[in-house]
There are 2 protein chains.
Amino acid sequence: MRARRPTIVDVAREAGVSVATVSRLINGDEKVNADYTKRIRAAIDLLGYQPDERARQLRRGRTQTLGATVRSIAEPHPVLRAVDGEARALGLSMIVMSTGDDPEREREAVMAMCRRRVDGILIEPVAESLAYLQPEIDLGLVVVAFDRPAGDVALDTVLSDNRGGIRQAFDHLTALGHRRIAYIGDDERIYTGHERAEAVRGHLRDLGESVDGMVHAGPVHTETVAAALDVLHRLPVPPTALITGNAATTLEAVRCLGTAFGSTTLVGFDDFALVDLLPAAFTVIAQDEARISETILELFRDRLARPTAPVRTVVVPTALIVRGRQEALT
Amino acid sequence: MRARRPTIVDVAREAGVSVATVSRLINGDEKVNADYTKRIRAAIDLLGYQPDERARQLRRGRTQTLGATVRSIAEPHPVLRAVDGEARALGLSMIVMSTGDDPEREREAVMAMCRRRVDGILIEPVAESLAYLQPEIDLGLVVVAFDRPAGDVALDTVLSDNRGGIRQAFDHLTALGHRRIAYIGDDERIYTGHERAEAVRGHLRDLGESVDGMVHAGPVHTETVAAALDVLHRLPVPPTALITGNAATTLEAVRCLGTAFGSTTLVGFDDFALVDLLPAAFTVIAQDEARISETILELFRDRLARPTAPVRTVVVPTALIVRGRQEALT
DNA sequence: ATGAAAGCGCTAACAG
DNA sequence: CTGTTAGCGCTTTCAT
């Protein structure tokens, strides 16, 4: 026979006070008699009482909880780490769910959070449409999108300057004398994939270079990247430099290039740990994760304070981190 | 003026039925009149009703939620990924919190989960003592430890066969003719660090080799690993092979060895993505993450079913993944 | 400063 | 099959 979980009533009885007094003490009300305070504390310890968060939240309305959806809970997520810390400092709990880049799972996760009445949701949008969130937003849910814009619903949004990052890479490479600059990256149905590929096309045109066969955007796998590299290799005028559109592409490219890698001029979008362990160092376009997470929480707080203010989109600059030999093209 | 969130009462009124009927429908009770069903569905859509999970859980008792603590939410966690999927299949939500390897944060996270009345907690123990969990366990909380044993409280536990993994590495290396086998790894205050270092010492003794200066266990940083490598290098009879105690150590070792890396016989504990991108391939002792996560959930379910059964510890074998050139020592 | 009592939104007896 | 109603454990007026 297992003991019943002690409730606030048990504590009150044990301490010989009313539940209201216990509640006050638990919630840090200063004006509880010192003697009562001691007796209540003792009762709590004796009974091993832990307030039921569900009941408190139900009664209070607010949950003091921030939900977040990310692609995968099993992969590194610097933005989230920073947000996690700052949220704790604000007295918010966080609950994280993964979407696996599946719109259906994203929706399930988001609605599950709504049913738990989280105060806000940070979302890295996967689905085309987030319209189903509108009623929740009208009811006071605060939603901040990051990494990708929401599309069909007005949301505060934090984005990296994808086009600016590509510009930095082009500036860097053209300064070294490159003009034939190729690109391999993510599917253009994904916002970041589109922005980056499109930026590359623009710069190639500005340089008066042909775009034909130079920009490869699609799902990233070993085979697709290998195929793209092969196409580039066979071009009448092959590229002298390559930009990879995200970390996964960079890794696949390094893998495919193998020993040829060291002699390729590469700039990768996204910095990541271990880059320095690869056979040769290379330059990267780094996203400013710290600033991104700060901005996310700033938008969240502002929205909480002024629910009717117009939505904002903040674009955070990227930084070019130059690594490896910087040989001018001869 | 923001609209109030609709409750089950609003839905009932709108549909012209009782709240009980709405509740029944929501909870998948089959025997609700077809006409009512239609009207209730319409009311739910019209109002944008989302049941309040806090209230349901409070009323029902069980939360159908599984909590998990991990070292970092920002780092890859294969075990968790698998558990996440299986938990969903079981109809359980998961809530994950990170400990940052800090016993204090671990305790806070665990107690926060208890206050939310999660049905179970999967814990990768950090703190020396988990005694504070005993009252919760007595109250019916199911706790499963993984990766490290709990120490002072009886818990179902899933462990990798750390000593077995080291044995596999020694078998492999001695078959190649190595006898002077060194080790660099994690602090021995951490369970896995201790097990692995101690296993290495045992095997060296069995081989009749001196252990002096061959086993380096401590915090893993670039400097400490470099220092350890330096010591090994200066030994009267330097080692011919090196075992690294975890992924972090492996990476630091690779980093420190630099170009000398290719000519070192290395076996690393833990397999990880990107190993094949390093300048030279090497053999690893891989933990069986799939089997570990299955076992975790199995223990969880069994405990839920039979709360008083004796606790079990399951040790999951490791696998040696041989990579790179396998030159016998000459 | 403390207590009594009214709910928060929901589910589960219990009647009918 | 449906409705009525008593709580789940807590916070928060409203009195005192």
Side-chain angles (χ1 to χ4, degrees), chain A residues 3-41 43-44 47-65 112 114-119 136 139-140, chain B residues 3-41 43-44 47-65 112 114-119 136 139-140:
Chain A
R4 194 174 52 78
R5 228 180 220 293
T7 72
I8 196 170
V9 180
D10 301 314
V11 175
R13 190 184 320 107
E14 177 71 30
V17 299
S18 75
V19 292
T21 305
V22 177
S23 175
R24 289 192 185 100
L25 184 68
I26 289 172
N27 291 288
D29 191 324
E30 301 291 295
K31 34 201 171 192
V32 177
N33 178 303
D35 179 43
Y36 281 5
T37 301
K38 221 166 74 184
R39 274 159 51 194
I40 296 171
R41 289 250 159 77
I44 289 178
L47 269 37
Y49 170 71
Q50 293 288 341
D52 188 321
E53 203 55 41
R54 300 168 296 183
R56 319 179 77 176
Q57 291 180 359
L58 180 58
R59 183 54 233 247
R60 287 212 266 241
R62 292 211 120 11
T63 51
Q64 309 265 65
T65 301
C114 288
R115 285 192 298 270
R116 290 184 171 219
R117 301 292 189 260
V118 297
D119 296 335
E136 300 296 324
L139 256 21
Chain B
R4 193 176 51 79
R5 227 179 222 293
T7 72
I8 196 170
V9 179
D10 301 314
V11 174
R13 190 185 320 108
E14 177 70 31
V17 299
S18 75
V19 292
T21 306
V22 178
S23 175
R24 289 193 185 101
L25 184 67
I26 289 173
N27 291 290
D29 190 326
E30 301 290 297
K31 31 202 171 186
V32 176
N33 177 303
D35 179 43
Y36 281 3
T37 300
K38 221 166 74 184
R39 275 158 51 194
I40 295 171
R41 289 250 159 76
I44 289 178
L47 268 36
Y49 170 71
Q50 293 288 341
D52 188 320
E53 202 56 40
R54 300 169 296 183
R56 318 179 78 175
Q57 291 180 358
L58 180 58
R59 184 52 235 248
R60 288 211 266 240
R62 295 212 102 40
T63 52
Q64 308 265 65
T65 301
C114 289
R115 284 192 299 269
R116 291 184 171 221
R117 301 292 188 260
V118 296
D119 296 333
E136 301 296 324
L139 256 21

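Protein chains get the first letters and strands the later ones, always in sequence-line order, with residue 1 at the start of each.
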- Bend angle of the helix from C:dA1-D:dT16 to C:dG16-D:dC1, from helix axes over five pairs at each end, nearest 10°: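 The end axes of the helix from C:dA1-D:dT16 to C:dG16-D:dC1 are about 40° apart, to the nearest 10°.
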Measure across [X] and [Y] and return the closest heavy-atom pair with its distance rounded to 0.1 Å.
{"X": "A:Val32", "Y": "A:Thr37", "answer": "O-OG1, 3.2 Å"}
{"X": "B:Ile40", "Y": "B:Leu25", "answer": "CG2-CD2, 3.5 Å"}
{"X": "B:Ser18", "Y": "B:Ala12", "answer": "C-CB, 3.8 Å"}
{"X": "A:Thr7", "Y": "A:Tyr49", "answer": "C-CE1, 3.5 Å"}
{"X": "A:Gly48", "Y": "B:Glu136", "answer": "O-OE2, 4.5 Å"}

For a 4.5 angstrom cut-off between non-hydrogen side-chain atoms, does [X] reach [Y]?
{"X": "B:Arg54", "Y": "B:Arg116", "answer": "no"}
{"X": "B:Leu139", "Y": "A:Gln50", "answer": "no"}
{"X": "A:Ile8", "Y": "A:Ile26", "answer": "yes"}

- Item | Carboxylate-amine/guanidinium proximity below 4.0 Å for A:Asp10 and A:Arg13 |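 Between A:Arg13 and A:Asp10 there is a salt bridge, with a charged N closer than 4.0 Å to a carboxylate O.
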- Item | salt bridge (charged side-chain N to carboxylate O under 4.0 Å, His left out) against B:Arg117, all qualifying residues, sequence neighbours excluded |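 For B:Arg117 the salt bridge (charged side-chain N to carboxylate O under 4.0 Å, His left out) partners, ignoring immediate neighbours, are A:Asp52.
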- Query: What pairs with B:Arg60 under salt bridge (charged side-chain N to carboxylate O under 4.0 Å, His left out), at least two apart in sequence or on another chain?
  - Reply: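 B:Arg60: no salt bridge (charged side-chain N to carboxylate O under 4.0 Å, His left out) contacts found.
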- Task: Please round to the nearest 0.5 Å and tell me the distance separating atom CD of A:Gln57 and atom CZ of B:Arg115.
- Result: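 Rounded to the nearest 0.5 Å, the CD-CZ separation comes out at 10.5 Å.
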- Contacting residues from residues 28-38 of chain B, given that a heavy atom lies under 4.0 angstrom of DNA chain D: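 Heavy-atom contacts with DNA chain D come from B:Lys31, B:Val32, B:Asn33, B:Tyr36.
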- Note on the structure: Each nucleotide of nucleotides 8-16 of chain D classed B (base within 4.0 Å of a protein heavy atom), S (only sugar-phosphate) or -, in 5' to 3' order, makes BBBBBB---
- Query: Going 5' to 3' on DNA chain C, which nucleotide is the first and which the last to come under 4.0 Å of a heavy atom in chain A?
  - Reply: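 Boundary nucleotides touching chain A, in 5' to 3' order, are C:dA1 to C:dG9.
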